[in-house]
*Asks:* 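Pasting in a structure now, in structure tokens, and then I'll have a few things to ask.
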There are 2 protein chains.
Amino acid sequence: MGIVMNIGQAADASGVSAKMIRHYESIGLVPQADRRDSGYRDYDPEDVHRLSFVRRARDLGFPLERIRVLLGLWGDPTRSSAEVKALALTHIEELEEKARHLQEMADVLRGLADACDGDGRPHCPIIEGLEAGSVPASSPSGERLISRSSSTSLPSRRSPSPGRR
Amino acid sequence: MGIVMNIGQAADASGVSAKMIRHYESIGLVPQADRRDSGYRDYDPEDVHRLSFVRRARDLGFPLERIRVLLGLWGDPTRSSAEVKALALTHIEELEEKARHLQEMADVLRGLADACDGDGRPHCPIIEGLEAGSVPASSPSGERLISRSSSTSLPSRRSPSPGRR
DNA sequence: TGTGCGCCTTCCCATCATGGGAAGGTCAAC
DNA sequence: GTTGACCTTCCCATGATGGGAAGGCGCACA
């Protein structure tokens, strides 16, 4: 009795690759699958359901450790929806933070690209923007810098200020 | 002659960690630094300038391999700004693509979270959303599924359709 | 001159999620 | 029985960064 599938079928049905199913099992994200005499893993619909849950959580960008918590909440009939919601809101914050960061980088770069003619000449505000303060070629003071003549005489080398880095 | 600094000073001046400077050198992103007799690396303002360039490119999200190209264009007086601009625009596309993806995930999750009471009760649309199609418990047909009685007799197991995955 | 401390060196390991591939065993259809 | 798709485990790779160990160097201060 029981409907059973091997890892490839479970992979197809859940959308999680066989490779990843084995991995999730190895890190304890999902329970160890039953084995046939041959050593093949067996999956039933409940297993596949759990794997699908994991896949959807990943599709929403949840890191595996948070999915571990989600799985725990999922299987806990006494959980409060507040716990789940808090987890989700935290994750939403992180997603939007990352999205903002990426968009900000794109915007800065767009600003440079807009100023670039994009023609055959070498002049390019994008490169100049990356250079940003131009070469501090001949440094004004010896602050953090030392001078040396060829390879002889190594004079004082660094300000002795402690805890520099 | 020559203003020279060790790797820690170059790290401070460029904003690239000493660890990363060594790494960039090891993968050939930046040229090998000169060495003192002691084995310490030496950096001059040009080196620091290049490292700063790399750091700004990284701050704009460029992957190292693209930075490698950027460095090549930077040092090439015959480059056309069109080349640089094309590289930048490609990168902007990728950044915005990723930002959209993240924001999309956040929006989906926000929709679920908005539907969640977030109270002390277990009912939670977020969890349900992750379950998505509910358990395909007793599968309708034997498509991809097999039945088994306990652990005896393993009948036909899989449709022989080739190139399944 | 010695000592101490902070810096340097190399090398290995960890992250995070995923995949590639090798070597070898299993299964089922023809 | 052979074939070919599937399964098993194990190791390595990605991309960018960091942690940390073990040991050497540099320099200021006592």
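The chains referred to below are lettered A, B, ... by the order of the sequence lines, with proteins before strands, and numbering in each begins at 1. When reading the values below, keep in mind they use all heavy atoms of this one structure, side chains included, and skip hydrogens, waters and symmetry mates.
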*Asks:* With a 4.0 Å cut-off on N to O distance, would you call Arg56(B) and Asp59(B) a salt bridge?
*Replies:*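 Asp59(B) and Arg56(B): not salt-bridged.
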*Asks:* Quick one: Phe62(A) CZ to dA17(C) P, roughly how many Å, whole number?
*Replies:*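 Answer to the nearest Å: 13 Å.
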*Asks:* Output the rounded distance in Å from CG (Leu60(A)) to C1' (dA17(C)).
*Replies:*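 After rounding, the reported distance stands at 16 Å.
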*Asks:* Say whether Val108(A) and Phe53(B) are linked into one hydrophobic cluster, either directly or through other cluster members, by side-chain heavy-atom distances under 4.5 angstrom.
*Replies:*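 In one cluster with Val108(A): Phe53(B), yes.
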*Asks:* With the threshold set at under 4.0 Å for non-hydrogen atoms, list the residues of residues 86-101 of chain A touching DNA chain D in residue-number order.
*Replies:*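 Going residue by residue through residues 86-101 of chain A, none turns out to have a heavy atom under 4.0 Å of DNA chain D.
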*Asks:* Write down the distance between CD (Glu65(A)) and P (dT15(C)), rounded to a whole number of angstrom.
*Replies:*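 Rounded to whole Å, this separation is 10 Å.
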*Asks:* One thing to verify: whether Arg110(A) and Asp107(A) come together as a salt bridge, which I'm taking to mean a side-chain N less than 4.0 angstrom from a carboxylate O.
*Replies:*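 A salt bridge is absent here (no side-chain N lies under 4.0 Å from a carboxylate O).
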*Asks:* Counting only non-hydrogen atoms, which of residues 21-31 of chain A are less than 4.0 Å from DNA chain D?
*Replies:*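 Here the set is Arg22(A).
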*Asks:* Is it true that Arg100(A) and Glu97(A) have a side-chain N and a carboxylate O under 4.0 angstrom from each other?
*Replies:*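 Glu97(A) and Arg100(A): salt-bridged.
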*Asks:* Could you check how far CG of Asp37(B) sits from C1' of dT9(C), rounded to whole Å?
*Replies:*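 In whole Å, dT9(C) C1' and Asp37(B) CG are 15 Å from each other.
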*Asks:* Measure from the side-chain heavy atoms of Ile7(A) and tell me the nearest of dC7(D), dC7(C), dG19(C).
*Replies:*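 The nucleotide sitting nearest to the side chain is dC7(D).
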*Asks:* Return the CG to NE2 distance between Leu102(A) and His101(B), rounded to the nearest 0.5 Å.
*Replies:*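 Here the rounded value is 11.5 Å.
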*Asks:* Is there a side-chain contact between Arg22(B) and Arg41(B), using heavy atoms and a 4.5 Å cut-off?
*Replies:*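 Contact flag for Arg22(B)/Arg41(B) side chains = yes.
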*Asks:* Would you say Arg58(B) and Leu64(B) make side-chain contact, with heavy atoms under 4.5 Å?
*Replies:*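 Side chain of Arg58(B) against side chain of Leu64(B), heavy atoms only: contact under 4.5 Å found.
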*Asks:* Take the protein atom CE of Met5(B) and the nucleotide atom P of dC7(C), then report the distance between them rounded to whole Å.
*Replies:*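 Nearest whole value for this atom pair: 14 Å.
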*Asks:* Could you pick out which residue, Pro63(A) or Arg41(B), lies toward the 5' side of DNA chain C when each is mapped onto its nearest nucleotide?
*Replies:*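 Nearer the 5' end of the strand: Arg41(B).
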*Asks:* Which pair of heavy atoms, one from Phe62(B) and one from Leu87(B), lies closest together, and at what distance?
*Replies:*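 Scanning both residues completely, I find the closest heavy atoms to be CE2-O, 4.5 Å.
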*Asks:* How does protein reach along nucleotides 20-25 of chain D, written 5' to 3' as B (base within reach of a heavy atom under 4.0 Å), S (only sugar-phosphate), or - (no contact)?
*Replies:* B---BB
*Asks:* If you measure from CD1 on Ile21(B) to CG on Asp47(B), what distance do you get to the nearest 0.5 Å?
*Replies:*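 That separation rounds to 9.5 Å.
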*Asks:* Return no unless some side-chain N or O of Asn6(B) is found under 4.0 Å from OP1 or OP2 of dC8(C).
*Replies:*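 It does, given that an N or O in the side chain of Asn6(B) lies less than 4.0 Å from OP1 or OP2 of dC8(C).
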*Asks:* For Gln9(B) and dC27(D), give me the distance from atom CD to atom C1', rounded to whole Å.
*Replies:*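 Those two atoms, CD and C1', are 13 Å apart.
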*Asks:* Separation of Arg55(B) atom CZ from dA16(D) atom C1', in whole Å?
*Replies:*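 After rounding, the reported distance stands at 15 Å.
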*Asks:* For the hydrophobic clusters of this structure (ILVMFWY residues joined by side-chain heavy atoms under 4.5 Å, transitively), does one cluster hold both Tyr40(A) and Leu51(A)?
*Replies:*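 In one cluster: no.
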*Asks:* Check Gly120(A) against Ser80(B) and note the closest heavy-atom contact, atom names and distance.
*Replies:*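 Looks like O-CB, 3.4 Å.
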*Asks:* Grab the CG-P distance between Leu51(B) and dT17(D) for me, whole Å please.
*Replies:*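 So the CG-P distance, Leu51(B) to dT17(D), works out to 12 Å.
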